[in-house]
Amino acid sequence: MTDTSDADKERNREIARNEEVKQVTGSIRVSTWAVAVAVIICGILFTLGWLALK
């Protein structure tokens, strides 16, 4: 009975580790997209401002 319980606990720990990796990877992916969009928007606004001043 204890062996099954220990095996279940280890399996649950492995699942938790895998889920943590997925969550971190997803967060990095979202952050990368957010930074890219912000850079593009700032570039557009800078270009429009520069053209307006000329």
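Throughout, residue positions are numbered sequentially from 1 according to the sequence presented. Just so you know, these numbers come straight off a predicted model, no measurement behind them.
- Environment of CD in E10: crowded, with over 12 heavy atoms of neighbouring residues, nucleotides or ligands closer than 6.0 Å.
- Scored by the side-chain contact (heavy atoms from CB on, under 4.5 Å) test, K9 finds S5, R13 as partners (sequence neighbours excluded).
- I41 and W50 fall into different hydrophobic clusters, where Ile, Leu, Val, Met, Phe, Trp and Tyr side chains are chained together by heavy-atom contacts under 4.5 Å.
- Partners of I28 by side-chain contact (heavy atoms from CB on, under 4.5 Å), not counting sequence neighbours, listed by chain and number: V24, T32.
- Taking CG from L51 and NZ from K54, the interatomic distance works out to 8.5 Å, rounded to the nearest 0.5 Å.
- Applying the side-chain hydrogen bond (donor to acceptor under 3.5 Å, both in side chains) test to E14 and every residue at least two apart in sequence or in another chain returns R17.
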